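Chain letters run A, B, ... following the sequence lines, proteins first and then strands; every chain starts at 1. Computed from a predicted model, the values in this text were never measured in an experiment.
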There are 2 protein chains.
Amino acid sequence: MIKAEAADLPDDGRLKMPDRLRRRASRLLSHLTSRSDRLITEGLARADARKWHYAVLASLQEYGPASQAELSRRSGIYRSDMVGVLNELAGRDLVERTPDPDDRRRNVITISARGRRQLRRLDQVLDDLHEQLLAPLSRAERDQFVQLLTRLLDHHTPGS
Amino acid sequence: MIKAEAADLPDDGRLKMPDRLRRRASRLLSHLTSRSDRLITEGLARADARKWHYAVLASLQEYGPASQAELSRRSGIYRSDMVGVLNELAGRDLVERTPDPDDRRRNVITISARGRRQLRRLDQVLDDLHEQLLAPLSRAERDQFVQLLTRLLDHHTPGS
DNA sequence: AACCAACGTTAGTAACACTAACGTTCCTGG
DNA sequence: CCAGGAACGTTAGTGTTACTAACGTTGGTT
């Protein structure tokens, strides 16, 4: 964690930003996501968590214990990154990682009672953060927004 | 540039991804932006360009010559990163960088004829790429989408 | 028995957004 | 008028994210 001290682009110069630039969906997406990520990351940090923690915990809660590779597929986290995430989760006693007796290549990851409690907390935190994120939109607009995003993402996701 | 050979998350496991995860706007944004960025980056690479190139060229074309710091403000690129971008642009003879006689701290950046031609080309390329990006949406939906993004971004932009 | 696939793990990459600090030049106000 | 601070271009470095490559171990298949 690093303290932000002096902003370098304080007043936004969008006053003088060409429309062709400002209106490009790709650019809007990048910038908004940048803000959104920061908001979420900082919010979760206050709860001693990271985005991946939530993804893994939610997936465990929803579909039960699984191997790391299986979790990787469920949550979209690369299995190379999963290692570190599970180290953190296990270090906080939110999950348990035990070797699978039926397949000694695998670990079985199980969510703990603490993990379930933390997940509930994170769900709350994320609700609050999304309230902030989507504040300017009405209920209907939020739904619209999520729907548009979903359709776009589906369209650009390999394997249908 | 790196060749993608073996995808590691081939079939998406969203079949087994909890709704609470899949539906979060922040997550949709992150993932979609990731795809979008890749699409745009690769498309521009084929035209020997990067996003920043477009931003700078467009800003120069629209508002005329400027110092690096001014360009930085216009385009949202940090002035520490601007250096490299302008090196690339100057290396391709798309802009000219000359010391400002009126203020010897500054460089005056000017777009060249080649730069203008390249900008026209990039505008075309970006139109095509956005056509792909937004393919699943109707005209009206695209406008809606851009409008929602804009409102959200404005709301989360410091300095109004 | 021979192979290949999958598993967990380590290491490394490139892009992005951002901070810090340096020397030079300029502008201002006491 | 001159002292201090601010702006400029530049270099260096940070942490995060997405992703590839390769390793040794284990498992399933023929």
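- In this structure, D81(B) places its CG atom 10 Å from P of dC18(C), rounding to the nearest Å.
- Within the 3.5 Å criterion, the main-chain N or O of A69(A) finds no donor-acceptor partner in the side chain of R79(A).
- Summarising the geometry, the separation between CD on Q68(B) and P on dT11(D) is reported as 10 Å, rounded to the nearest angstrom.
- Nearest-nucleotide positions on DNA chain D place W52(A) closer to the 5' end than the other of W52(A) and D100(A).
- At distances below 3.5 Å, at least one donor-acceptor pair connects side-chain atoms of S112(B) with backbone N or O atoms of D93(B).
- Between P101(B) and A69(A), the residue anchored closer to the 5' end of DNA chain C is A69(A), taking for each the nucleotide with the nearest heavy atom.
- Taking atom CZ of R105(B) as the reference point, atom C1' of dC27(C) lies 8 Å away to the nearest angstrom.
- Between D81(B) and I77(B), the shortest heavy-atom distance links the atoms CB-CG2, 3.8 Å.
- Distance, L39(B) CG to dA15(C) P: 16 Å, rounded to whole Å.
- L44(A) places its CG atom 10 Å from the P atom of dT17(D), with the value rounded to the nearest Å.
- Of the listed nucleotides (dT10(D), dC26(C), dT9(C)), dT9(C) has the atom at the smallest distance from the side chain of R97(A).
- Side-chain proximity of D103(B) to dT9(C), dC7(C), dC26(C): nearest is dC26(C).
- Rounded to an integer number of Å, the gap from CZ of R106(B) to P of dT10(D) is 14 Å.
- For K51(B), a side-chain nitrogen or oxygen approaches OP1 or OP2 of dC16(C) to under 4.0 Å.
- Side-chain atoms of R79(B) and base atoms of dG9(D) include a donor and an acceptor less than 3.5 Å apart.
- As a whole-Å value, the separation of D37(B) CG from dA14(C) P is 18 Å.
- As rounded to whole Å, 17 Å separates atom C1' of dC8(D) from atom OH of Y78(B).
- No side-chain heavy atom of R27(B) sits under 4.5 Å from any side-chain heavy atom of I40(A).
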Run R23(B) and D143(A) through salt bridge (Lys or Arg N to Asp or Glu O under 4.0 Å) and show every step you take. CA-CA 10 Å; R23(B) 294 263 266 279; D143(A) 290 348; over 6 Å; no
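- For R38(A), a side-chain nitrogen or oxygen approaches OP1 or OP2 of dC18(C) to under 4.0 Å.
- Contact annotation for S30(B): no contact, since no heavy-atom pair falls under 4.0 Å across all strands.
- If you check dT25(C), dC16(C), dT17(D) against the side chain of R50(B), the one that comes closest is dC16(C).
- Residue N107(B) places no side-chain atom within donor-acceptor reach of the base of dC8(D), judged by atom type and a 3.5 Å distance cut-off alone.
- Here R35(A) lies out of heavy-atom contact (under 4.0 Å) with every strand.
- Side-chain N/O atoms of S80(B) and base N/O atoms of dT19(C) include a donor-acceptor pair closer than 3.5 Å.
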